[in-house]
Amino acid sequence: MAQLGLIGLGKMGFNMRERLRGAGHEVVGYDRNPDVTDSSSLEDMVSKLDGPRIVWIMVPAGEPTRQTVAELGNLLSEGDLVIDGGNSKYTDDRINADLLAAKKIGYLDCGVSGGVWGKDNGYGLMVGGAASDVEKAMPIFDALRPEGPREEGFSHAGAVGSGHYAKMIHNGIEYGMMQAFAEGFELLEAAKVVENVPAVIKGWQRGTVVRSWLLDLLVRALDEDPELDDLEGYVEDSGEGRWTLEEAINNAVPAPVISAALFARFASRQEDSAAMRAVAALRNQFGGHAVKKVQ
């Protein structure tokens with residue numbers, strides 16, 4: 001049995017705590033929400049852990065994670081280990097690792113995929129850091145990953161930063177896959193040749209080359225709302241798609257699918273597009289094409 005301190009008990013962190021406890025591990029959680037926390041403060045959580053301690057962070061990327069790492073640096077001891085399991089940008093990892101290394105505290109970055117379904121299905125894990133620290137945390141990783149061969153749900157990607165880098169690319173791919181399914185759905189709806197769009201998409205779940213978990217989730221959404229007209233077509237992005245494109249530019253790697261998927265999300269947030277007004281104006285100017293005036 002392993003012992004873990006877990007900071008951040010939101011949708012992901014809460015379910016991770018439940019999965020770990022179900023596997024027989026002891027988890028001492030901390031969250032600002034008094035309804036879910038196991039401790040009153042970070043200091044209280046650390047005091048309940050036996051050394052050498054392992055503490056997993058599941059808080060929003062950026063300043064919240066950086067602040068949490070800095071606080072832990074003042075609370076933990078030599079030989080302890082911190083794991084950042086959030087969606088931090090990989091460039092933050094070296095900064096965090098160096099800060100903790102000065103106090104002889106280990107650091108791993110872990111990209112986590114699985115969403116709200118991870119509690120039952122397990123989480124895909126991509127880890128960066130020293131092999132000795134990975135080995136120290138392996139009982140935790142084994143409890144969180146899906147059942148089956150370890151290498152099919154867990155990877156030690158390389159040095160510090162590589163886990164979050166791998167997750168960043170994973171999410172960039174996810175953007176492209178979701179956009180392809182979305183465009184296919186819209187085309188099936190628009191063409192009117194197909195009379196039962198949800199049935200067609202459900203029929204892709206077995207035997208086709210596009211079968212996937214994302215397809216299964218689309219089928220589930222269509223079962224609940226066959227035309228998806230209960231939703232607004234407004235889509236946020238959490239950062240990884242943008243970072244993936246930055247890396248594509250930095251490495252001169254063409255990534256047209258991921259870039260188009262990200263830009264489609266931007267377009268979804270526009271009630272009125274200045275760019276498309278300009279296109280309409282140009283078509284009218286050079287070809288006399290009809291335009292729609294604002295009412």
(Q) With side-chain contact (heavy atoms from CB on, under 4.5 Å) as the test, pick out the partner of Leu108 among Val82, Ile54, Leu81. (A) Leu81
(Q) Against Met178, only a single residue in Leu214, Val235, Ile173 fulfils side-chain contact (heavy atoms from CB on, under 4.5 Å); can you say which? (A) Leu214
Donor-acceptor check, side chain of [X] to backbone of [Y], threshold 3.5 angstrom: yes or no?
X	Y	result
Asn251	Val253	no
His164	Thr91	no
His170	Tyr165	no
Thr37	Ser39	yes
Ser162	Ala159	yes
Asn284	Ala280	no

Measuring only between side-chain heavy atoms, which start at C-beta, is [X] closer than 4.5 Å to [Y]?
X	Y	result
Asp225	Asp229	yes
Leu49	Val28	yes
Ile7	Met58	no
Leu222	Phe185	yes
Asn87	Lys167	yes
Ser113	Met126	yes
Phe263	Ile258	no
Gln3	His25	no

(Q) Same cluster or not: Met138 versus Val27, using hydrophobic residues (I, L, V, M, F, W, Y) connected whenever any side-chain heavy atoms lie under 4.5 Å apart? (A)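 In one cluster with Met138: Val27, yes.
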Give the table of side-chain donor-acceptor pairs shorter than 3.5 Å for residues 9-19, with sequence neighbours excluded, one pair per line with atom names and distance.
residue, atom, partner, partner atom, Å
Asn15, ND2, Lys11, O, 3.4
Asn15, ND2, Val116, O, 3.4
Arg17, NH1, Val36, O, 2.8
Arg17, NH1, Asp38, OD1, 3.1
Arg17, NH1, Asp38, OD2, 2.9
Arg17, NH2, Val36, O, 3.3
Arg19, NE, Ala143, O, 2.9
Arg19, NE, Leu144, O, 3.2
Arg19, NH1, Lys119, O, 3.0
Arg19, NH2, Arg145, O, 3.0

Just verifying a value: how many Å separate [X] [atom1] and [Y] [atom2], rounded to the nearest 0.5 Å?
X	Y	atom1	atom2	result
Ile57	Leu6	CD1	CG	10.0 Å
Tyr123	Trp117	OH	CH2	12.0 Å
Leu4	Glu26	CG	CD	9.5 Å
Thr68	Leu42	OG1	CG	6.5 Å
Leu125	Arg150	CG	CZ	11.0 Å

Just checking [X]: does its [atom1] atom have more than 12 heavy atoms from other residues, nucleotides or ligands closer to it than 6.0 angstrom?
X	atom1	answer
Trp213	CH2	yes
Glu224	CD	yes
Glu236	CD	yes

Q: If you link ILVMFWY side chains whenever their heavy atoms are less than 4.5 Å apart, which other residues fall into the same cluster as Phe286? By chain and number, please.
A: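 So far as hydrophobic clustering goes, Phe286 is joined with none.
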What I want to check is whether the side chains of [X] and [Y] have a donor and an acceptor closer together than 3.5 Å.
X	Y	value
Ser88	Asp84	yes
Glu240	Tyr175	no
Tyr107	Asp93	yes

Could you pull out every donor-acceptor pair under 3.5 Å between side chains of residues 69-77 and any protein atom, sequence neighbours left out?
residue, atom, partner, partner atom, Å
Asn74, OD1, Lys103, NZ, 2.7
Ser77, OG, Arg53, NH1, 3.4

Q: Dump the intermediate steps for side chain to side chain contact (heavy atoms under 4.5 Å, CB included) on Tyr30 and Ser40, then the final yes or no.
A: CA-CA 7 Å; Tyr30 170 67; Ser40 59; over 6 Å; no
**Q.** Any residue meeting salt bridge (charged side-chain N to carboxylate O under 4.0 Å, His left out) with Arg283, in chain and number order, not counting sequence neighbours
**A.**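 For Arg283, no residue satisfies salt bridge (charged side-chain N to carboxylate O under 4.0 Å, His left out) once neighbours in sequence are set aside.
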Q.
With side-chain hydrogen bond (donor to acceptor under 3.5 Å, both in side chains) as the rule and sequence neighbours excluded, what pairs involving residues 262-272 come up?
A. Asp237-Arg269, Asp272-Arg277
To check you understand the geometry: which heavy-atom pair defines the closest contact between [X] and [Y], and what is its length?
X	Y	result
Ala2	Pro139	CB-CB, 4.2 Å
Gly79	Lys136	O-NZ, 3.2 Å
Ile83	Ala137	CD1-CB, 3.9 Å

Q) Got a salt bridge between Arg242 and Glu246, using NZ or NE/NH1/NH2 to carboxylate O under 4.0 Å? A)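 Answer for the salt bridge query: no.
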Q. Does the distance from a Lys or Arg side-chain N to an Asp or Glu carboxylate O, for Asp216 and Arg220, drop under 4.0 Å?
A. no
Q: Kindly determine whether Leu217 and Phe181 satisfy side chain to side chain contact (heavy atoms under 4.5 Å, CB included), including the steps that lead there.
A: CA-CA 11 Å; Leu217 293 176; Phe181 280 126; over 6 Å; no
Identify every side-chain donor-acceptor pair in residues 189-204 under 3.5 Å, counting partners at least two apart or on other chains, and give the distances.
residue, atom, partner, partner atom, Å
Lys192, NZ, Glu189, O, 3.3
Asn196, OD1, Ala199, N, 3.1
Lys202, NZ, Asp223, OD1, 3.1

